[in-house]
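Please read the structure below before turning to the comments.
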Amino acid sequence: MQKSYQAKHAYHGHFMHQKIFLAIVVLIIFGTLFGLLLLNRWQKAGRPDTQEYPVLGVSLSQEDGYQDFRLLKKHGVDFVYLKATQGADYFDDNFLSNYWRIQGAQLPFGVYHYFSFTSSPQAQFDNFKTSISQQIGNLPIVIQLNDYQNPHPTTKKIRQSVSQLRTLLVNYYQRKVIIQTTPTFAKIFNNPKDTVWLQSPKLPLHKRQDIDFWEYSQQGKIPSLASTNLYHMSVFIGNENHWQHYVQTGGY
């Protein structure tokens with residue numbers, strides 16, 4: 001009788017452990033799915049409040065294919081950034097086509113260089129200058145710095161290298177240069193010379209005064225455009241009057 005009771009007790013104990021284990025597995029699965037849903041909602045996030053951020057823009061590279069700039073403008077895009085170069089030897093295949101076609105749309109636009117940790121600032125500057133010459137648009141030049149490049153140098157070395165490239169660009173083009181990056185690297189660019197284009201699902205609660213643009217989604221939709229195309233979507237930090245002044249002065 002005692003053995004039967006012990007066996008029954010052991011069976012119920014084992015059964016309860018299985019139930020607890022299954023419950024934990026189910027919670028993990030649902031937690032993962034919920035997290036992926038939130039990530040997907042961020043990546044395809046809707047446009048930030050139009051009252052606070054009325055000026056909308058997109059960043060384009062050859063991966064985005066052919067773009068109708070007049071159509072983008074018609075559907076509320078106020079500015080465009082074109083990828084020009086990357087590292088010491090890469091030149092975007094669609095840059096020249098995009099550059100000449102965007103002229104007719106009369107959209108304010110600028111160009112960006114993707115910074116590489118494996119090339120010297122001088123070599124990257126030479127690539128940028130040789131590839132695009134004076135075709136830089138009417139907005140500040142942008143250095144895009146992503147923190148998922150691995151391995152990457154020390155924080156001090158990153159700051160020195162990016163600052164050197166920025167100085168070379170400013171001196172040659174006499175144009176403001178912005179650093180587009182994530183919050184991780186934005187922390188190391190915080191002196192009066194640094195201006196940031198923040199890549200983040202949300203802005204800091206207390207906005208930094210040196211943030212000119214905010215990229216809120218890397219896979220966002222243009223609100224009124226009936227298209228499945230997804231873009232790197234950004235807004236200008238300022239109102240329409242600030243934007244007009246920004247365009248006229250090249251970002252100053």
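Just so you know, residue 1 is the first one in the sequence shown, and it goes up from there. The figures here come from the full heavy-atom set of this structure, side chains too, leaving out hydrogens, waters and symmetry mates.
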Nearest 0.5 Å please: distance from the [atom1] atom of [X] over to the [atom2] atom of [Y].
X: Lys221; Y: Leu230; atom1: NZ; atom2: CG; result: 7.0 Å
X: Leu72; Y: Asp78; atom1: CG; atom2: CG; result: 11.0 Å
X: Gln124; Y: Leu169; atom1: CD; atom2: CG; result: 9.5 Å
X: Gln218; Y: Ser59; atom1: CD; atom2: OG; result: 10.0 Å
X: Thr195; Y: Tyr252; atom1: OG1; atom2: OH; result: 8.5 Å

Do the side chains of [X] and [Y] join up, straight or via other hydrophobic residues, at under 4.5 Å, putting them in one cluster?
X: Ile158; Y: Leu165; value: yes
X: Phe69; Y: Tyr66; value: no
X: Met233; Y: Val142; value: no
X: Val247; Y: Leu56; value: no
X: Ile143; Y: Ile178; value: no

Below 4.5 Å, heavy atoms only, C-beta onward: do [X] and [Y] meet side chain to side chain?
X: Ser217; Y: His232; value: no
X: Gln122; Y: Asp126; value: yes
X: Trp197; Y: Thr181; value: no

Can you see which heavy atom on [X] is nearest to which on [Y], and at what distance?
X: Val162; Y: Leu145; value: CG2-CD2, 4.0 Å
X: Trp243; Y: Pro108; value: CZ2-CB, 4.1 Å
X: Ile132; Y: Ile136; value: CD1-CG2, 3.8 Å
X: Ile211; Y: Pro204; value: CD1-CD, 4.5 Å
X: Leu198; Y: Thr182; value: CD1-C, 4.1 Å
X: Arg70; Y: Gly104; value: NH2-O, 3.1 Å

Counting N and O atoms only, with roles assigned by atom type, does the side chain of [X] sit under 3.5 Å from a partner on the main chain of [Y], one being a donor and the other an acceptor?
X: Asn239; Y: Glu52; answer: no
X: His245; Y: His242; answer: no
X: Gln67; Y: Asn98; answer: no
X: Asn171; Y: Leu168; answer: no
X: Ser227; Y: Asn229; answer: yes
X: Gln106; Y: Gln103; answer: no
X: His75; Y: Ala226; answer: no
X: Arg47; Y: Tyr53; answer: yes
X: Ser200; Y: Leu203; answer: no
X: Gln199; Y: Trp214; answer: no

If you measure only the distance, is there a donor-acceptor pair under 3.5 Å linking the side chains of Ser131 and Asn127? yes
When you compare the side chains of Arg159 and Thr155, does any donor N or O come within less than 3.5 Å of an acceptor on the partner? no
For Arg175, give me all partners under salt bridge (Lys or Arg N to Asp or Glu O under 4.0 Å), at least two apart in sequence or on another chain. none
According to salt bridge (Lys or Arg N to Asp or Glu O under 4.0 Å), who are the partners of Asp212, at least two apart in sequence or on a separate chain? Lys176
Output, in order, the C-alpha distance, side-chain angles, deciding distance and verdict of side chain to side chain contact (heavy atoms under 4.5 Å, CB included) for Phe95 and Gln135. CA-CA 10 Å; Phe95 177 78; Gln135 299 166 324; 4.1 Å; yes
Taking the six-membered ring where the residue is Trp, are the ring centres of [X] and [Y] under 6.0 Å apart?
X: Tyr81; Y: Tyr112; result: no
X: Phe189; Y: Phe185; result: no
X: Phe236; Y: Tyr246; result: yes

Could you walk me through whether Leu71 and Leu225 pass the side chain to side chain contact (heavy atoms under 4.5 Å, CB included) test, one step at a time? CA-CA 9 Å; Leu71 185 64; Leu225 184 60; 3.9 Å; yes
Can you name the one residue among Phe91, Tyr114, Tyr173 that meets ring-ring contact (aromatic ring centres under 6.0 Å, His included) with Phe128? Tyr173
Decide ring pair (Phe, Tyr, Trp, His ring centres under 6.0 Å) for Phe213 and Phe79; before the verdict, give the C-alpha distance in whole Å, the side-chain angles of both, and the deciding distance to 0.1 Å. CA-CA 11 Å; Phe213 297 95; Phe79 68 90; 5.1 Å; yes
Tell me the side-chain hydrogen bond (donor to acceptor under 3.5 Å, both in side chains) pairs involving residues 83-96, sequence neighbours left out? Gln62-Tyr90, Lys83-Gln86, Thr85-His113
Tyr172 vs Phe125, ring pair (Phe, Tyr, Trp, His ring centres under 6.0 Å): CA-CA, chis, key distance, verdict: CA-CA 10 Å; Tyr172 183 79; Phe125 168 72; 5.7 Å; yes
Between Asp68 and Arg101, is there a side-chain N and carboxylate O pair less than 4.0 Å apart? no
